[in-house]
Amino acid sequence: MSQTYEFVVVANRLPVDEVVADDGTRTWSRSPGGLVSALQPIVRSHGGAWVGWTGQPGDAPEPFDTDGMHLHPMGLSTDDVDQYYEGQSNGTIWPLFHDLVEQPTHRRPWRQAYETVNRRFAESAADLTAAGGTVWVHDYQLLLVPAMLRELRPDLRIGFFLHIPFPPVELFMQLPRRAELLRGLLGADLVGFQRPLAAQNFLQLTGRLLGLDPQDDHVEYDGRSVTARAFPISIDVAEVEKLAADPGVQAEARRIRAELGGDRRLLLGVDRLDYTKGIEQRLEAYGELLTDGTVSNDDVVLVQVATPSRMRVQEYQELRARVEREVGRINGEFGAVGQAPVHYLFQSMGREELVALYLAADVMVITPLRDGMNLVAKEYVAARHDDQGALVLSEFAGAAAELETAFLVNPHDVEDIKRALADALHADAAEQAERMRPMRAQVRGHDIDRWARDFLGALGQPT
Ligand code: GDG
């Protein structure tokens with residue numbers, strides 16, 4: 001019998017990307033993204049296994065061990081990628097769970113592929129997990145896995161964590177085969193969400209859709225009790241603090257500032273290029289501040305890092321075109337030779353460079369229309385050991401519930417973003433410190449280890 005593991009993570013993606021060097025050598029490097037930043041340290045410390053896709057279509061490579069983890073790659077064909085990943089996951093569920101900020105597309109073949117791929121993930125997890133072991137399933141690509149896994153392995157403890165928002169009942173009700181998706185989640189012993197409201201939406205839905213009788217934070221289903229609670233995710237605070245204290249990173253922050261024009265105040269946006277992140281609204285607000293003269297190209301500069309994401313999906317290509325057109329318009333209208341008001345970077349950066357940008361930024365601008373948590377907000381706060389800098393943060397990011405002294409904005413209201421940007425730019429050192437200190441205390445007291453301990457503790461798994 002093949003080796004089994006007491007603790008297994010199941011997620012759409014493995015925590016590594018395959019890198020092919022010029023000479024054809026293949027290696028693996030840690031992949032960017034919220035889920036990976038969050039989970040890798042935990043699996044490593046449990047010596048556990050991770051089931052997930054490599055990110056490339058084709059046959060699965062052989063399982064391998066790296067960094068104290070056993071990685072079990074899942075193969076996805078080109079059709080699987082089109083239908084399960086880009087289709088049902090990112091074309092249907094993602095926009096619907098983010099309050100319809102884009103119109104979801106509903107296709108029968110996508111749903112079929114989603115079910116087939118979820119079953120394959122569940123089967124691999126069933127094969128890999130030791131008797132009585134724990135499986136932690138992640139995110140919206142795998143909503144059916146908990147029930148499928150329970151059917152195969154009723155002996156396991158199964159946890160599920162949703163990284164994105166869970167929609168209100170009326171929105172969830174729009175999904176074709178909605179009851180099946182809900183039953184999928186109910187296969188878990190513990191369903192974790194970013195916000196208490198999401199857990200309430202879920203429990204309420206079990207009453208409305210399946211006629212169950214939820215009580216407090218749990219519901220009886222199929223002779224078991226399923227608990228639904230909020231576990232707001234966080235970051236590896238020590239990692240960010242270490243980078244922020246690194247003299248090389250600090251020198252890089254000074255270089256960035258000098259390069260952008262010594263005295264200009266630096267506004268920073270860091271997002272996956274995604275329509276949920278409110279990048280267009282942010283640019284619109286910044287453009288209007290330049291137009292009405294509240295700020296000028298001599299005094300401020302915006303650096304917008306837009307990490308490429310889901311670029312085969314049409315909505316993302318269209319978003320990229322719109323964002324780049326707007327950046328071009330603003331730079332064309334307000335720029336000078338050698339001095340642009342927007343520096344737009346459509347690329348993935350190294351962690352050092354990212355933290356250097358956090359240290360250099362006077363104002364971090366985070367304006368998602370909807371966001372499960374938003375780890376960038378917490379990273380910015382963790383990096384600012386000088387208690388300086390200002391955070392403009394959308395009320396619709398999960399992080400807003402914990403970072404209450406940020407300059408909170410309604411990202412749908414461009415006037416409100418303009419107000420918050422102007423206020424943040426005007427905040428003096430004392431006000432910046434007054435706002436930053438409680439946020440730093442909050443993030444430092446609730447890091448990623450605590451999140452994992454809380455979740456796994458509630459699942460009954462010793463950490
Ligand atoms: C989902 C939910 C939830 C970004 N650009 C680069 C880079 N990043 C890193 C950031 C941060 C992570 O990626 C992004 O996390 P977010 O939370 O901001 O956003 P999503 O990717 O949408 O994550 C979200 C999260 O899951 C966790 O539950 O908070 O709501 O949507 O860590 O630093 N990292 C590197 N280069 C980049 O260019 N190395």
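Order of listing sets the numbers, starting from 1, for every ligand and every atom in it.
- Residue Glu379 holds the heavy atom nearest to atom 11 (C) of ligand 1 of all those in Glu352, Met349, Arg351, Glu379.
- Of the N or O atoms in Trp94, none lie within a sub-3.5 Å distance of an N or O in ligand 1.
- For ligand 1, the atoms sitting less than 4.0 Å from at least one non-hydrogen atom of Val376 are 10 (C), 18 (O), numbered in the order shown with element in parentheses.
- Summarising the contacts of atom 26 (O) of ligand 1 with Gln194, His163, Glu353, the nearest heavy atom is found in His163.
- Under 4.0 angstrom from ligand 1, the non-hydrogen atoms of Tyr358 all belong to its side chain.
- The list of salt bridge (charged side-chain N to carboxylate O under 4.0 Å, His left out) pairs with a residue in residues 359-368, not counting sequence neighbours, reads Arg257-Asp362, Arg265-Asp362.
- Proximity of Thr276 to ligand 1, defined as any heavy-atom pair under 4.0 Å, is not found for any part of the residue.
- The six-membered or imidazole ring of Phe7 lies away from that of Trp50, with a centre-to-centre distance of 6.0 Å or more.
- Selection from Leu375, Leu273, Val305 by nearest heavy atom to atom 16 (P) of ligand 1 gives Leu375.
- Close contacts of ligand 1 with Gly372, meaning ligand atoms under 4.0 Å from a residue heavy atom, involve 30 (O).
- Residue Trp451 places no heavy atom under 4.0 Å from ligand 1.
- Residue Lys277 holds the heavy atom nearest to atom 19 (O) of ligand 1 of all those in Lys277, Gln347, Met373, Arg272.
- Annotation: side chain to side chain donor-acceptor pair (under 3.5 Å) contacts of Asp23 (sequence neighbours excluded): Thr25.
- The pair Asp271-Arg282 meets the salt-bridge criterion, with a side-chain N (NZ, NE, NH1 or NH2) lying under 4.0 Å from an Asp/Glu carboxylate O.
- Ring orientation note: the planes of His138 and His163 are tilted relative to one another, at an angle of 30° to 60°.
- Considering every non-hydrogen atom in both Met373 and Pro232, the closest pair reads CE-CB, 3.5 Å.
- Ligand 1 has no N or O atom lying under 3.5 Å from any N or O atom of His98, backbone or side chain.
- Using bins of under 30°, 30° to 60° and over 60° for the plane-to-plane angle, the ring pair His412/Phe396 lands in the perpendicular bin.
- Donor-acceptor pairing under 3.5 Å is recorded for the side chains of Asn90 and Tyr140.
- When every heavy atom of Phe121 is checked against every heavy atom of Gly52, the shortest pair comes out as CE2-CA, 3.9 Å.
- Not a single heavy atom of Tyr140 sits closer than 4.0 Å to an atom of ligand 1.
- Checked against a 3.5 angstrom limit, the closest N/O atoms of Val270 and ligand 1 fall outside it.
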